[in-house]
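A short worksheet on the structure shown next.
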Amino acid sequence: MGVLPFHPDSCADFLTSDELHRIQLHRLQTVVRASYEHVPLTRQRMQERGVKPEHIRSLADIAALPFMQKTDLRDTYPYGLFARPMSDIVRLHASSGTTGKPIIVGYTRDDLNVWTSVMARTFSAVGLNQHDVIQNAFGYSLFTGGLGAHYGAEALGATVIPISGGNTERQIMVMQDFGVTAICSTPSYFLHLVEAVEASGRGFGNLNLKTGVFGAEPWTDSMRAHIQSRTGIKAYDIYGLTEIIGPGVATECEQQAGMHVFEDHFLMEIVDPKTGKTLADGEEGELVLTTLSKQAIPMIRFRTHDITSIITEPCACGRTIRRIRRITHRCDDMMIIRGVNVFPSQIEAALLEVEPTLPHYQIVLSRKEGLDQMEVRIEVTEAMFRDKVSALEQLQKRMEHAIEHVVGLRVNVRLVEPRSIARSEGKAKRVVDQRKEG
Ligand code: ADP
Ligand code: ZN
């Protein structure tokens, strides 16, 4: 039997803009009304502004609504933003807490169906189908990655291996013995697997793996190039966040040219992170998302803190849902070093530019005599480690120059022994800030 070009649910990726806008407006009006009626915080804020649900007559009217922030979830912890009684809630998840106390989110049965559907569309967009064997190395836990990807892959009709994160030896055995064709994980954990495969003397050429579905943390195009050339697979970027649904908010398609947002379920805006003013399409700013179909916790104009821009040109894949550019950082990721704003992604890109084969790094910030110091630790390979000292010194200098060129600051680069930077099974810890400790 032939294979359909995409999952039936993917039809929504190809709506005309008129159709899409009609669906969006209808859903927006419904979600705003539900939120007004059942979430005291939203009602109070709307009343303060004199906005009523019936004032939402067009999509542009969304600008009249107040923003929601991560802190709103913390302040109403655990269930304060739930718009449905607990008897309607069939699952809870929590954020991994990259930036503080975790927040709790809930799903109704319908919410789970939507989540499954957008994840099936995600897998379909990167070219997977029922013939694929998907190793799901996202953590199965309160973290949304594991179960989100799991049900989406099942709905696609693929064979799912619910291995979760960790136990690298077993991951490799499964990848080989079960004929795995696609893997889901954070990009940093996949790198760790790559090393382990190579260390075991096996090559990627002997595996069936052809697709990587990576997300949950920022990574660069340079990192993608490194992963692809080292393994021969195609590596795709997917995006999501617990507060909105989990993974399944946006995905790349086979063009690998920005991530399509599932706009029939998530309405996107880009705002100036400082003023909150709406920016024009194409301008870079903070992504703000409104859940159009979520029942348990409707999120209206949620400030993601993630920085990106909308790609206005149509995609060669034919999908009409718009794309956002790769998310290179979030606004709270920014390191301020001697007054200069620096993002980890800038460092990553600079390092890989100099030496594309050294993807493991960590940034350590400290303060010496009142002055901020930034040290970038980079792991070298075994072979390099045995090289002449002069060769290593040269490499170190070139890396220092490359970073200085990009961020305009002198930094210290320290080349460290292979495997001396801790590996993570989930999100990598790229920055250690010792300034807060001292
Ligand atoms: P936490 O905020 O605790 O990390 P989540 O697990 O919900 O909780 O993480 C969501 C965040 O992870 C996003 O807001 C974004 O900053 C980051 N993220 C997820 N996917 C990507 C991606 N593909 N590229 C860059 N950042 C991503
Ligand atoms: Zn596309």
Side-chain angles (χ1 to χ4, degrees), residues 5-6 10 13-14 69-71 73-74 93-105 115 119 121-122 124-127 138-139 141-149 165 184-190 212-221 223-224 235-263 266 268 273 286-289 297 299 302-308 311 313-334 343-345 348 424 426-430:
F6 46 75
S10 299
D13 298 2
F14 300 90
Q69 307 274 2
K70 231 181 224 301
T71 47
L73 280 148
R74 296 212 179 102
H93 276 287
S95 92
S96 51
T98 311
T99 53
K101 196 174 169 186
I103 50 97
I104 297 191
V105 294
W115 193 14
M119 278 310 292
R121 288 161 69 182
T122 296
S124 192
V126 302
F138 278 130
S141 63
L142 283 175
F143 172 60
T144 52
L147 289 181
C184 305
S185 72
T186 57
S188 55
Y189 185 59
F190 182 68
V213 183
F214 302 130
E217 65 182 4
W219 54 311
T220 57
D221 260 329
M223 186 65 86
R224 186 219 305 269
Y236 295 98
D237 194 10
I238 66 167
Y239 169 76
L241 60 165
T242 312
E243 294 87 343
I244 295 301
I245 199 160
V249 173
T251 182
E252 282 188 330
C253 62
E254 288 180 270
Q255 302 293 324
Q256 296 183 308
M259 296 183 283
H260 291 279
V261 175
F262 295 113
E263 292 185 282
F266 313 108
M268 62 170 160
E286 179 179 351
L287 179 66
V288 171
L289 292 168
I297 312 183
M299 296 301 283
F302 181 72
R303 303 282 296 254
T304 65
H305 289 182
D306 293 322
I307 303 292
T308 183
I311 299 174
E313 297 78 41
C315 183
C317 75
R319 281 182 176 71
T320 47
I321 48 173
R322 289 173 304 165
R323 291 166 294 164
I324 50 171
R325 294 198 165 76
R326 184 184 278 283
I327 289 161
T328 50
H329 59 269
R330 31 193 199 192
C331 30
D332 46 17
D333 242 8
M334 190 171 74
F343 291 102
S345 59
E348 179 176 305
S424 131
K427 304 186 188 221
K429 186 166 172 57
R430 297 295 189 198

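Values below: all heavy atoms of this structure, side chains included; hydrogens, waters and symmetry mates excluded. In each ligand, atom 1 is the first atom listed, and ligand 1 is the first ligand listed.
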### Query
Counting from 1, what ligand 1 atoms have a heavy atom of K70 closer than 4.0 Å?
2 (O)
### Task
Look only at interatomic distance and state if I238 has a nitrogen or oxygen under 3.5 Å from any nitrogen or oxygen of ligand 1.
yes
### Query
Taking the inter-plane angle between the rings of W115 and H93 on a 0 to 90° scale, is it parallel (under 30°), tilted (30 to 60°) or perpendicular (over 60°)?
perpendicular
### Message
Using a 4.0 Å cut-off to any heavy atom of F143, which atoms of ligand 1 qualify?
### Response
6 (O)
### Message
Please list all pairs meeting salt bridge (charged side-chain N to carboxylate O under 4.0 Å, His left out) that have one or both residues in residues 235-251, counting only residues at least two apart or in different chains.
### Response
K70-E243, D237-R326
### Message
When you compare the side chains of T304 and E286, does any donor N or O come within less than 3.5 Å of an acceptor on the partner?
### Response
no
### Message
Please report whether the ring centroid of F214 lies less than 6.0 Å from that of F190.
### Response
yes
### Task
Could you establish whether G240 and ligand 1 come within less than 4.0 Å of each other, counting only heavy atoms on the residue side?
yes
### Task
Let me know which of R322, R323, R121 forms a salt bridge (charged side-chain N to carboxylate O under 4.0 Å, His left out) with D13.
R121
### Validation row, ring centre F138 to ring centre Y189 under 6.0 Å
no
### Message
Below the 3.5 angstrom mark, is there an N/O of A216, backbone or side chain, next to an N/O of ligand 1?
### Response
yes
### Task
Kindly identify the option in R330, H329, E252 whose heavy atom sits closest to atom 11 (C) of ligand 1.
R330
### Query
Hey, does W219 come in under 3.5 Å of ligand 1, counting only N/O atoms on both sides?
no
## Note on the structure
Atoms of ligand 1 under 4.0 Å from any heavy atom of T242, numbered from 1 in the order shown, are 5 (P), 6 (O), 7 (O), 8 (O)
### Task
Spell out, as yes or no, whether a donor-acceptor pair under 3.5 Å connects the side chain of R325 to the backbone of A257.
no
### Message
Taking 4.0 angstrom as the limit and counting only heavy atoms of I327, give me the atoms of ligand 1 inside it, by number and element.
### Response
24 (N), 25 (C)
### Query
Taking N or O atoms only and a 3.5 Å limit, does S95 qualify as a polar contact for ligand 1?
yes
### Message
Please check: side-chain N/O of T186 versus main-chain N/O of G426, any donor-acceptor pairing under 3.5 Å?
### Response
yes
### Query
Any side-chain heavy atom of L287 within less than 4.5 Å of one from Y239?
yes
### Task
Answer yes or no: does an N/O atom from K427 fall short of 3.5 Å to an N/O atom of ligand 1?
yes
### Message
Taking R224 first and then E252, would you say they form a salt bridge - that is, a charged N and a carboxylate O separated by under 4.0 Å?
### Response
yes
### Task
Compute the shortest N/O to N/O distance between Y239 and ligand 1 and return yes if it is under 3.5 Å, no if not.
no
### Query
Would you say the side-chain atoms of E217 pair up with the backbone N or O of S188, donor to acceptor, closer than 3.5 Å?
yes
### side chain to side chain contact (heavy atoms under 4.5 Å, CB included) between I307 and C331, intermediate numbers included
CA-CA 7 Å; I307 303 292; C331 30; 4.1 Å; yes
### Summary
At a cut-off of 2.8 Å, protein N/O/S around the Zn ion (ligand 2) gives C253 SG, H260 NE2, C315 SG, C317 SG
### Message
I need the contact type for D237 against ligand 1. Using non-hydrogen atoms and a strict under-4.0 Å cut-off, is it side chain, backbone, both or neither?
### Response
side chain
